[in-house]
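Okay, so here's the structure we're looking at.
Only heavy atoms go into these numbers, but all of them, side chains included; no hydrogens, no water, no symmetry mates.
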Protein chains: 2
Amino acid sequence: MKRTLSAVEYSGEEEGMASIAKAISHPVRIRILKLLASQQCCFTGELTEIIPMAQSTISQHLKALLDSGLIQGEINPPKVRYCIHRENWRKAYSMFGGFFNADLACRYDCH
Amino acid sequence: MKRTLSAVEYSGEEEGMASIAKAISHPVRIRILKLLASQQCCFTGELTEIIPMAQSTISQHLKALLDSGLIQGEINPPKVRYCIHRENWRKAYSMFGGFFNADLACRYDCH
DNA sequence: TTTATTAATCGTACATTTGCGATGAACTAT
DNA sequence: ATAGTTCATCGCAAATGTACGATTAATAAA
């Protein structure tokens, strides 16, 4: 890719929102988050039983969610227990809430 | 890609959330939405003046946002006026609000 | 020590995204 | 008709994402 020469500078909020959005931009990651949030399961193994995908693929998606900060993992040998990262979850909640705040959007009508 | 043989089936909500999330998973699209939402501009030309990117690239991002349903365009020859799609914006608001609802997340603590 | 279990990581193949310049389409104005 | 304006689309190149099976690492159990 011919990467921008004049490098657009983004704000922390823009980068942060985009990063979280990217993490939840795949339906299987939405499902994983919903499963974790509803406490239907926690160990990787339980996820691989429920979701018909290769173990390595699930693991890859878990890594993406970990990197986003939306979940956290606790090593519990030889298993790993995952769950929602509550603080970051709340942050995401208020970030998206603020962004999509209805009052902000289209104060005036273009049409 | 060796596409899933056992094809995971996703719910409409999972697909919908992922689709909107994908649309806002790039910082420049966040910026465009914020500009449109705050009514600082509306025509493509105004965006290309503010954002240091090729006109074709901006147009591409606008298309992605259009496809997501988050914005709408009104042809106003030879210009095109874009703005937030209010109804879908509200839908996204409640969808993300419901998803990130703090009460839902981690009712019990894993740790 | 050996074996079993669990999950991460590696390597590969292919799809999709992102950026650009160039070109094209639609409409205005002269 | 001709030229100008505005924006979409095409074609390309490179990066990133997604899925799989195979392998490795860490620990528990025998």
Side-chain angles (χ1 to χ4, degrees), chain A residues 1-10 14-15 18-32 36 41-68 71-83 110, chain B residues 1-10 14-15 18-32 36 41-68 71-83 110:
Chain A
M1 242 187 295
K2 270 170 269 172
R3 281 293 159 196
T4 356
L5 304 171
S6 51
V8 186
E9 279 291 322
Y10 300 109
E14 283 161 348
E15 299 266 20
S19 163
I20 299 293
K22 196 170 203 171
I24 59 177
S25 70
H26 191 293
V28 86
R29 290 198 290 268
I30 303 264
R31 177 167 298 182
I32 290 172
L36 292 184
C41 62
C42 245
F43 295 109
T44 307
E46 301 177 79
L47 290 170
T48 59
E49 276 171 25
I50 295 176
I51 302 170
M53 272 183 166
Q55 178 264 321
S56 57
T57 305
I58 302 280
S59 193
Q60 224 169 11
H61 285 298
L62 282 169
K63 181 170 172 13
L65 290 172
L66 262 182
D67 291 346
S68 78
I71 67 172
Q72 60 191 146
E74 184 198 28
I75 297 172
N76 202 329
K79 301 185 176 185
V80 176
R81 187 198 293 272
Y82 287 100
C83 72
C110 299
Chain B
M1 243 187 293
K2 271 171 269 172
R3 282 291 160 196
T4 354
L5 304 170
S6 52
V8 187
E9 280 291 322
Y10 300 109
E14 282 161 350
E15 300 267 18
S19 163
I20 299 294
K22 195 169 203 170
I24 59 177
S25 70
H26 192 293
V28 86
R29 291 198 290 267
I30 303 261
R31 177 167 299 183
I32 290 173
L36 292 183
C41 61
C42 244
F43 295 109
T44 308
E46 302 177 78
L47 290 170
T48 58
E49 277 171 24
I50 296 175
I51 303 169
M53 271 184 167
Q55 177 264 322
S56 58
T57 305
I58 302 280
S59 191
Q60 225 169 11
H61 284 298
L62 283 169
K63 182 168 173 13
L65 290 173
L66 262 182
D67 291 346
S68 79
I71 67 172
Q72 60 191 145
E74 183 197 27
I75 296 173
N76 201 329
K79 302 185 175 184
V80 176
R81 187 198 293 274
Y82 286 101
C83 72
C110 299

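Nucleotide C/dA8 holds its P atom 14 Å from the CD atom of A/Glu74, rounded to whole Å. Between A/Ile75 atom CD1 and D/dA26 atom P there is a gap of 10 Å when expressed in whole angstrom units. Between A/Gln60 atom CD and D/dT16 atom C1' the separation is 12 Å, expressed in whole Å. Whole-Å rounding puts the A/Gln55 CD to D/dT24 P distance at 15 Å. Between the CD1 atom of A/Ile58 and the C1' atom of D/dG17 there is a distance of 16 Å, rounded to whole Å. Distance, B/Asn76 CG to D/dA8 C1': 16 Å, rounded to whole Å. Rounding to whole angstrom units, CD1 of residue B/Ile24 and C1' of C/dT17 are separated by 17 Å.
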Pairs: protein N or O with nucleotides 4-6 of chain D N or O, under 3.5 Å:
from	atom 1	to	atom 2	distance (Å)
D/dT6	O3'	B/Pro78	O	3.4

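Here C/dA7 is the nucleotide among C/dA7, D/dT9, D/dC20 with the atom lying nearest to any side-chain atom of A/Tyr82. In the set D/dA28, D/dA8, D/dA19, the nucleotide with an atom closest to the side chain of A/Thr57 is D/dA19.
The distance from atom SG of B/Cys41 to atom CZ of B/Arg81, rounded to the nearest 0.5 Å, is 11.0 Å. The structure places OH of B/Tyr10 at 6.5 Å from CZ of A/Arg31, a figure rounded to the nearest 0.5 Å. Here the CG atom belonging to B/Leu36 is positioned 6.0 Å from the SG atom belonging to B/Cys42, to the nearest 0.5 angstrom. Between the CD atom in A/Gln60 and the NE2 atom in A/His26 there is a gap of 10.0 Å [rounded to 0.5 Å].
Between B/Arg29 and C/dT18 there is a side-chain polar atom (N or O) within less than 4.0 angstrom of OP1 or OP2. The phosphate of D/dG17 (OP1 or OP2) has a side-chain N or O of A/Lys22 nearer than 4.0 angstrom.
Proximity of B/Ser68 to B/Leu66: side-chain heavy atoms (C-beta onward) are nowhere separated by under 4.5 Å.
Residues in residues 18-30 of chain A take part in no salt bridge (charged side-chain N to carboxylate O under 4.0 Å, His left out) pair, two or more places apart or across chains. Judged as a side chain to side chain donor-acceptor pair (under 3.5 Å), not a single pair has a partner in residues 45-57 of chain B (not counting sequence neighbours).
In terms of the side chain to side chain contact (heavy atoms under 4.5 Å, CB included) criterion, residue partners of A/Ala18 (sequence neighbours excluded) are, by chain and number, B/Pro27, B/Ile30. With sequence neighbours excluded, the residues that form a salt bridge (Lys or Arg N to Asp or Glu O under 4.0 Å) with B/Lys63 are B/Asp67.
Near DNA chain D, defined here as any heavy-atom distance below 4.0 Å, the residues from residues 61-68 of chain B are B/Lys63, listed numerically.
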